[in-house]
Asker: 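Pasting a structure below so you can have a look.
These numbers come from a predicted model, not from an experiment.
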Amino acid sequence: QRGVAVTNSPPAAPGPDGAGNVTLRGRPERGAGVLLRNASVYTTSGTIDVRGVATRVDGLSTQAVGLEVDSAYLYAGQGSVVLAGRGDDNNVAGTYPAAVGLQYSDLRIDTASNSTGTIQIAGEAANSAGAGITFRDVESGGLTIRDGTSTNIPTLANVSIGAISSDGLALALGLDSNPAATQVLTTGVVNFRPVSVSAPGQVGDAAAEGILVGPGGDVTRGFIIDPFHFGSAFRADSGFVIGSSTHAGRITVENGALAGQRAQTITLQNEGAGSAGITLGTGVDVRDLGLLSAGVVTQAGGIAGGRTRV
């Protein structure tokens, strides 16, 4: 069952010259809010905006997936992309598998060489132990974002990836098991932060959520991002930002999580009201490190590398 499905579609351009917005919304009781399968969506300068919300109403086993992507090509031209999904188990007992916000495999987003847009990917798993955003690894590809003129040319667009889960991992991008499936290339910024997707499909900052920087070990809940894949799966010529100016939850950096980052610019940011501050572990070795917080910044060891901004 699903709300809106786009399947086996050829490239489709709105308007005679391809300009304009493409908007898809879906809100079923179970299944996928929006399904993109073997789908192509195209614009030269508008916004591709796809949002799905799936909420359980009974204990049937059909998984609630806000936005499901199973092989999709999105061309944004000079425009922008918003992909957002919310899966909600709605406190229904016995639900399995757990709801997820946004689930993808073989998702490719290209932009024009003169892009001025942004790319945002967001997911929330509500009342669920599922992930906010999860990669369904079926050996057909993962997440690719780049300039559409070549496989190795970065887009000019800034990229934002954010999620939360009430009882599971915010992000399950498959970087440990299949890092080669992710290729996000930009001359701009890649931002990772907790965000929510509301029942109407609105995306907002989840400012109180904590952020763990590092592999996370046996941690099974919360927002975890491992910089180990910065510079390989993710390239951001203008730097990586973890958190945001409105974020307030504590940012905790595990020992060694920022080691070996002398080629990267990384900013940790929680300047929101009531900020819980930043806790740095040992082994920090970053070319340019930004520590932007309205709270207390503490560190367990020295900082090596280039510049540090506090």
Asker: For the hydrophobic clusters of this structure (ILVMFWY residues joined by side-chain heavy atoms under 4.5 Å, transitively), does one cluster hold both V190 and L185?
Answerer: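 As far as the 4.5 Å side-chain criterion goes, L185 and V190 are not connected within one cluster.
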Asker: Under the criterion side-chain contact (heavy atoms from CB on, under 4.5 Å), I'd like the reasoning laid out for Y73 against I109: C-alpha separation, chi angles, the key distance, then a yes or no.
Answerer: CA-CA 6 Å; Y73 174 67; I109 302 172; over 6 Å; no
Asker: Can a side-chain donor-acceptor contact be found between N90 and N127 if the only test is distance below 3.5 angstrom?
Answerer: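 Per modelled atom types, N127 and N90 side chains form no pair under 3.5 Å.
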Asker: Is a donor on one side and an acceptor on the other found under 3.5 Å between the side chain of T111 and the backbone of A76?
Answerer: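 Absent.
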Asker: For the side chain of S198 and the backbone of Q202, is there at least one donor-acceptor N/O pair under 3.5 Å apart?
Answerer: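 Yes; judged by distance alone, with no hydrogens or angles, the pair exists.
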Asker: Do D288 and I266 have side chains that get closer than 4.5 Å, going by heavy atoms?
Answerer: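 D288 does not reach I266 side chain to side chain.
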Asker: Would you indicate whether Y75, at its atom OH, is surrounded by more than 12 heavy atoms from other residues, nucleotides or ligands within a distance under 6.0 Å?
Answerer: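 Yes, OH of Y75 has more than 12 neighbouring heavy atoms, counting only those of other groups under 6.0 Å.
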Asker: Looking at side-chain heavy atoms only, is the closest gap between R51 and V34 below 4.5 Å?
Answerer: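 With C-beta onward as the side chain, the pair stays apart.
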Asker: Do you know which two heavy atoms are closest between S165 and G132, and how far apart they sit?
Answerer: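 Result for this residue pair: CB-N, 4.1 Å.
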Asker: When L67 is tested against each of L102, L24, I121, L35 for side chain to side chain contact (heavy atoms under 4.5 Å, CB included), which residue passes?
Answerer: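 Testing L67 for a side chain to side chain contact (heavy atoms under 4.5 Å, CB included) against L102, L24, I121, L35 leaves exactly one candidate, L102.
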Asker: Within a strict 4.5 Å, meaning less than it, do heavy atoms of the N91 and D89 side chains meet?
Answerer: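 Sidechains of D89 and N91: no contact.
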Asker: What class does the angle between the rings of F230 and F192 fall in, given that below 30° is parallel, 30 to 60° is tilted and above 60° is perpendicular?
Answerer: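 Ring orientation, 0 to 90° scale: parallel.
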Asker: Atom CG of L175 and atom CG of L173: how far apart are they, to the nearest 0.5 Å?
Answerer: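 Reported value, rounded in 0.5 Å steps: 5.0 Å.
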Asker: Taking only residues two or more places apart in sequence, or in another chain, which ones meet Q103 in a side-chain hydrogen bond (donor to acceptor under 3.5 Å, both in side chains)?
Answerer: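 Residues passing side-chain hydrogen bond (donor to acceptor under 3.5 Å, both in side chains) with Q103: none at all.
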Asker: Consider only side-chain N and O atoms of T187 and D237, and report whether a donor and an acceptor are under 3.5 Å apart.
Answerer: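 No, no side-chain donor-acceptor contact under 3.5 Å.
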Asker: Going by side-chain hydrogen bond (donor to acceptor under 3.5 Å, both in side chains), name the residues that satisfy it together with T279, two or more places apart in sequence or in a different chain.
Answerer: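 T279: side-chain hydrogen bond (donor to acceptor under 3.5 Å, both in side chains) contacts with R250.
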Asker: I'd like to know whether T151 forms a side-chain contact (heavy atoms from CB on, under 4.5 Å) with R146, so could you lay out the CA-CA distance, the side-chain angles of the two residues, the decisive distance to 0.1 Å, and finally the verdict.
Answerer: CA-CA 7 Å; T151 58; R146 64 193 183 202; 3.8 Å; yes
Asker: Quick one: do the N152 and S150 side chains pair a donor with an acceptor below 3.5 Å?
Answerer: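 Per modelled atom types, N152 and S150 side chains form no pair under 3.5 Å.
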Asker: Kindly give the heavy-atom pair with the smallest separation between V197 and G85, and that separation in Å.
Answerer: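 So the minimum-distance heavy-atom pair works out to CG2-O, 3.7 Å.
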Asker: Got a donor-acceptor contact below 3.5 angstrom from the Q78 side chain to the S115 backbone?
Answerer: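 Not a single qualifying donor-acceptor pair exists.
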Asker: Test of understanding: clusters of I, L, V, M, F, W, Y form through side-chain heavy atoms closer than 4.5 Å, transitively. Do L169 and I164 belong to the same one?
Answerer: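 Cluster IDs for L169 and I164 differ.
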Asker: Please examine the side chains of L268 and N270, heavy atoms only from C-beta on, and report whether any two atoms are closer than 4.5 Å.
Answerer: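 Sidechains of L268 and N270: no contact.
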Asker: Is a side-chain N or O of N255 found less than 3.5 angstrom from the main chain of T282, in a donor-acceptor match?
Answerer: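 Yes, N255 side chain to T282 backbone: donor-acceptor pair under 3.5 Å.
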Asker: How far apart are the closest heavy atoms of L258 and V286, and which atoms are they?
Answerer: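 What the structure gives for the nearest pair is O-CG2, 3.7 Å.
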Asker: Does any part of the side chain of E271, heavy atoms only, come nearer than 4.5 Å to the side chain of S293, both counted from C-beta?
Answerer: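 The answer is no, as the side chains (C-beta and beyond) never meet within the 4.5 Å cut-off.
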Asker: Rounded to the nearest 0.5 Å, how far does CD1 of I145 lie from OG1 of T186?
Answerer: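 It is 8.5 Å, given to the nearest 0.5 Å.
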Asker: Going through the checks in order, is the side-chain contact (heavy atoms from CB on, under 4.5 Å) test met by L291 and T267?
Answerer: CA-CA 6 Å; L291 303 172; T267 298; over 6 Å; no
Asker: Kindly compute the distance separating OG1 (T43) from CD1 (I48), expressed to the nearest 0.5 Å.
Answerer: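 Answer rounded to 0.5 Å: 6.0 Å.
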Asker: What are the two closest heavy atoms between D137 and S177, and how far apart are they?
Answerer: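 So the two residues come closest at OD2-OG, 4.5 Å.
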Asker: May I ask you to say whether D88 pairs ionically with R86, meaning some side-chain N is under 4.0 Å from a carboxylate O?
Answerer: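 Salt bridge between D88 and R86, a charged N being under 4.0 Å from a carboxylate O: yes.
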Asker: Are D49 and R25 close enough, and set up right, to give a side-chain contact (heavy atoms from CB on, under 4.5 Å), and what steps lead you there?
Answerer: CA-CA 8 Å; D49 189 336; R25 297 286 190 271; 3.1 Å; yes
Asker: Answer yes or no: is there an ion pair linking R108 with D110, defined by an N-O contact shorter than 4.0 Å?
Answerer: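 A salt bridge links R108 with D110.
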Asker: Roughly how far apart are L280 CG and T252 OG1, rounded to 0.5 Å?
Answerer: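 The distance works out to 9.5 Å.
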Asker: Is L74 reachable from V82 through a run of hydrophobic residues whose side-chain heavy atoms are each under 4.5 Å from the next?
Answerer: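 Result: no, two separate clusters.
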Asker: Between V81 and Q120, is any pair of side-chain heavy atoms under 4.5 Å apart?
Answerer: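 Not in contact.
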Asker: Tell me who clusters with V189, hydrophobic residues only, linked when side chains sit under 4.5 Å apart either directly or through other members.
Answerer: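 In the cluster with V189 are V241.
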Asker: Is it possible for you to say whether V195 and V159 belong to one hydrophobic cluster, with membership spreading through side-chain heavy-atom contacts below 4.5 Å?
Answerer: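 As far as the 4.5 Å side-chain criterion goes, V159 and V195 are not connected within one cluster.
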Asker: Heavy atoms, side chains only, cut-off 4.5 Å: are L143 and V184 in contact?
Answerer: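 In short, these two side chains touch, coming nearer than 4.5 Å.
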Asker: For the pair S275 (side chain) and G272 (backbone), establish whether a donor and an acceptor sit closer than 3.5 Å, ignoring hydrogens and angles.
Answerer: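 Flag not set: sc S275 to bb G272 has no pair under 3.5 Å.
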Asker: Whether the T155 and D147 side chains hold a donor-acceptor pair (N or O, under 3.5 Å, no angle test) is what I'd like checked.
Answerer: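 No, D147 and T155 have no side-chain donor paired with an acceptor closer than 3.5 Å.
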Asker: Clusters formed by hydrophobic residues whose side-chain heavy atoms approach within less than 4.5 Å: which one holds L156, and what are its other members?
Answerer: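 Same cluster as L156: nobody, lone residue.
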Asker: Looking only at atom types and distance, does a side-chain atom of N38 sit under 3.5 Å from a main-chain N or O of T7, one as donor and one as acceptor?
Answerer: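 It does not hold such a pair.
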Asker: Apply side-chain hydrogen bond (donor to acceptor under 3.5 Å, both in side chains) to R136 and list each qualifying residue two or more places apart in sequence or on a separate chain.
Answerer: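 Listed in chain order: nothing, the list is empty.
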Asker: Which heavy-atom pair separates A273 from A248 by the least distance, and what is that distance?
Answerer: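 Closest approach of A273 to A248: O-CB, 3.5 Å.
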Asker: Could you pull out every donor-acceptor pair under 3.5 Å between side chains of residues 203-224 and any protein atom, sequence neighbours left out?
Answerer:
from, atom 1, to, atom 2, distance (Å)
D205, OD1, R193, NE, 2.7
D205, OD1, R193, NH2, 3.3
D205, OD2, T246, OG1, 2.8
R221, NE, S166, O, 2.8
R221, NH2, S166, O, 3.1

Asker: Under 4.5 Å between side-chain heavy atoms, hopping through other hydrophobics if needed: is there a path connecting V53 to V4?
Answerer: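 Result: no, two separate clusters.
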Asker: Please report the shortest heavy-atom distance between Q269 and H247, naming the atom on each side.
Answerer: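 Taking every non-hydrogen atom into account, O-CB, 3.9 Å.
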Asker: Between F240 and F234, how do the two ring planes meet: parallel, tilted or perpendicular, split at 30° and 60°?
Answerer: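 Rings of F240 and F234: perpendicular, over 60°.
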Asker: For the pair S128 (side chain) and A98 (backbone), establish whether a donor and an acceptor sit closer than 3.5 Å, ignoring hydrogens and angles.
Answerer: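 The answer is no, because no donor-acceptor pair under 3.5 Å joins these two groups.
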Asker: Any sub-3.5 Å donor-acceptor pair from N191's side-chain atoms to G243's backbone N or O?
Answerer: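 Looks like yes, one N/O pair under 3.5 Å.
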Asker: Strictly distance-based, threshold 3.5 Å: is any side-chain N or O of Q264 a donor or acceptor partner for the main-chain N or O of R287?
Answerer: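 No; zero donor-acceptor contacts below 3.5 Å.
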Asker: Taking side chain as C-beta onward, heavy atoms only, is I133 less than 4.5 Å from I161?
Answerer: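 Counting from C-beta outward, I133 and I161 do come under 4.5 Å.
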